[in-house]
Amino acid sequence: MTLKPETALLHTAHGDVQNFEAVQPGTFRASSVFFPSMQAWRERDWTAKSGYIYGPHGTPTTFALEAKVAQLEGADHCLVCPSGLNAIALVYITLLRPGDELLVPINVYTANRTFVTQELMGWGINVSIYDPTDLNSLTFTDRTRLVWVEAPCSMTFEYPDLPALVELAHRHGALVALDNAWGAGIAFSPFDFDVDISVHALTKYASGSADVVMGAITTKDKSLYDALKLCYMRLGLNVSGPDAESVLKGLATLTLRYHAHDQSARTLAAHLRNSAKVARVMHPALEDSVGHQFWSRDCRAAAGIFSVVFDGRFSEADIDRFVDSLRLFRIGFSWGGPVSLAVSYGKSVATLQELEGELVRFSVGLEATSDLIADIDQALARL
Ligand SMILES: *Cc1c(COP(=O)(O)O)cnc(C)c1O
């Protein structure tokens, strides 16, 4: 058959990359994936994720990313999701049915709480709130299906007794899902603590560039993985090849960056604690932080994020001015990127104890620590 040039252009050199090996697997993007024959098409197993069937179900780029995130977390299976929040929602949607009971910590990540109250409760899922620092506050029924855990809590950084929480939940026949945005697979290995599912916000430290939004779910349990994977496929979720490639590049330097963020944040946290204008610094590596003993028992590192409660004599307007006068700390959501961030949440955050003053959360980037200290000092001086 002699082909016209425009046809030949579409039917030559599709390539087969099986023997290509390099530091990065390359950016594959596809909707259609070719099958060699009808028989191969008939024999495909779209649920297996063992081969290439349809772009959204996996390309060499997303398979490589899932394998690396599973390895990072010490899990056997991983699904990369369009966002960290989406990964949280997928766990809920997969596991919970009307009449089931879910336990969530009182100070859970705000967007998680909104999904729970606005969607899950509307679907007839019963939600019970617990205090992560008090094991007696968890109430179980014979319908308790899932306990959600954060280590530490999102805004106030209380570090829970994770092994005791997991043991308690398992004793009552409930599964445990951990939001591992903070630990990022570096501070501790979630499956050492027997959690059933870990949710990773790749948006944060794994990406590291503040330009990709992505999440991941990891587990060691094949049947949980299968249930999550089928729900993922039915919902039509997928991540783009270029975004997956960005996160793969981020993973190559994750450990170095995480420890750099950690060291700088600890220095800044200690510096701020010495200020007479500050009432409290919430950072699990500080001895007077709630749950510090569990953090030092269970963790190898801490993230670059902490909160400060200012002295009660300062008003919301005073603290807004403090944040506005920071030069290097920019005002913005998310964290884990190279540029430092600070936001005043005032007294609006859900906490275990009432706040004596305005709360400011700092996310420490990769600037020189001495420059960040100088920036904080000049802003404190104006307060
Ligand atoms: C940011 C964050 C998430 C969600 O990640 P996104 O990718 O931004 O949706 C989940 N949990 C915690 C604790 C977070 O800080």
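First listed ligand is number 1; within each ligand, the first listed atom is number 1.
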Taking atom types as modelled, is there a side-chain donor on T133 or E158 under 3.5 Å from an acceptor on the other?
no

Is it true that R297 and Q293 share a donor-acceptor pair across their side chains at a distance under 3.5 Å?
no

Straight-line distance of L286 CG to R266 CZ, nearest 0.5 Å
9.0 Å

Does the structure place the NZ or CZ of K49 under 6.0 Å from the centre of the six-membered ring of Y232, at an angle of no more than 45° from the ring's axis?
yes

Using heavy atoms and a cut-off under 4.0 Å, could you grab the residues that are in contact with ligand 1, chain by chain, numbers ascending?
S83, G84, L85, I88, Y109, S154, D179, A181, A201, T203, K204, V213, M214, W335

When you look at CD of Q71, are more than 12 heavy atoms from neighbouring residues, nucleotides or ligands closer to it than 6.0 Å?
no

Test side chain to side chain donor-acceptor pair (under 3.5 Å) applied to D226 and S223, step by step:
CA-CA 5 Å; D226 285 340; S223 65; over 6 Å; no

